[in-house]
Amino acid sequence: MSKDTIGNLLTYIRNTDMNKKRTVRIPYTKIGENIIKILLREGFIENMRKHLENNKCFLVLTLRHRKNRTGQNRIILNLKQISRPGLRIYSNYQGIPRILGGMGIVILSTSRGLMTDREARIERIGGEILCYIW
């Protein structure tokens with residue numbers, strides 16, 4: 001396991017979604033919890049809970065699935081890490097990219113905490129671009 005907690009978090013979620021599983025258990029970090037709260041608020045994840053096992057804390061996520069007439073239809077999550085430990089990407093509020101014309105979200109680390117691109121534009125604040133989600 002590497003020291004890149006954001007990359008590991010996105011990889012856990014991406015692999016779980018590709019394997020058509022519904023739940024995933026992720027090691028707890030504060031930044032991971034804040035990213036998951038944003039995903040929960042934006043509707044990409046259905047549920048999140050903390051789980052304590054052998055004095056280690058985990059986040060258990062339930063990914064969102066939609067049912068249609070033919071059975072279960074997955075919502076495919078596309079996650080892309082932008083900033084990484086070897087290359088940090090920063091942007092002011094005017095230079096924050098729009099993902100799919102505003103359909104996706106950009107998660108930023110700002111001086112006021114983690115926030116989405118829409119919140120950062122409203123508050124007119126820039127920061128480090130962590131990831132794209134669509």
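Treat the numbers as computed from the prediction; the structure is a model and nothing was measured. Along the sequence shown, the residues carry numbers beginning at 1.
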### Query
Do the side chain of Arg14 and the main chain of Leu77 share a donor and acceptor less than 3.5 angstrom apart?
no
### Query
Got a second to check how far Ser83's OG is from Arg88's CZ, nearest 0.5 Å?
6.5 Å
### Query
Looking at His51, Arg25, Arg49, Lys50, which one forms a side chain to side chain contact (heavy atoms under 4.5 Å, CB included) with Leu59?
Lys50
### Query
Picking from Asn8, Ile133, Leu63, what satisfies side chain to side chain contact (heavy atoms under 4.5 Å, CB included) with Ile13?
Leu63
### Message
Tell me whether the NZ or CZ atom of Arg121 lies within the 45° cone about the ring axis of Tyr93 and under 6.0 Å from its centre.
### Response
no
### Query
How long is the span from the CD1 atom in Ile35 to the CG atom in Leu40, to the nearest 0.5 Å?
13.5 Å
### Residue of the set Ile6, Ile89, Leu108 for which side chain to side chain contact (heavy atoms under 4.5 Å, CB included) holds with Leu130
Ile6
### Query
Going from CD on Gln81 to CG on Leu87, what distance comes out if it is rounded to the nearest 0.5 angstrom?
10.5 Å
### Message
Using side chain to side chain contact (heavy atoms under 4.5 Å, CB included), reason through Leu10 and Cys131 one step at a time and then give a plain yes or no.
### Response
CA-CA 9 Å; Leu10 297 176; Cys131 60; 3.8 Å; yes
### Task
Please test Ile105 against Ile38 for side chain to side chain contact (heavy atoms under 4.5 Å, CB included), starting from the C-alpha separation and ending with a verdict.
CA-CA 10 Å; Ile105 63 170; Ile38 289 174; 4.1 Å; yes
### Task
Return yes if some donor-acceptor pair links the side-chain N/O of Glu123 with the main-chain N/O of Ala120 below 3.5 Å, else return no.
no
### Task
Hey, could you give me the CZ/CD1 distance between Arg118 and Ile96, rounded to the nearest 0.5 Å?
11.5 Å
### Task
Could I get the full list of salt bridge (Lys or Arg N to Asp or Glu O under 4.0 Å) partners for Lys37, not counting sequence neighbours?
Glu33
### Task
Sequence neighbours left out, what passes side-chain contact (heavy atoms from CB on, under 4.5 Å) with Asn78? Give chain and number order.
Ile76, Trp134
### Task
To the nearest 0.5 angstrom, please state how far the OG1 atom of Thr62 sits from the NZ atom of Lys21.
14.0 Å
#### Entry: Lys/Arg-Asp/Glu bridge criterion (N-O < 4.0 Å) met for Glu42, Arg64
no
### Query
To the nearest 0.5 Å, how far apart are CD1 in Ile82 and OG in Ser91?
11.5 Å
### Message
Arg98: which residues meet the side chain to side chain donor-acceptor pair (under 3.5 Å) condition with it, sequence neighbours left out?
### Response
none
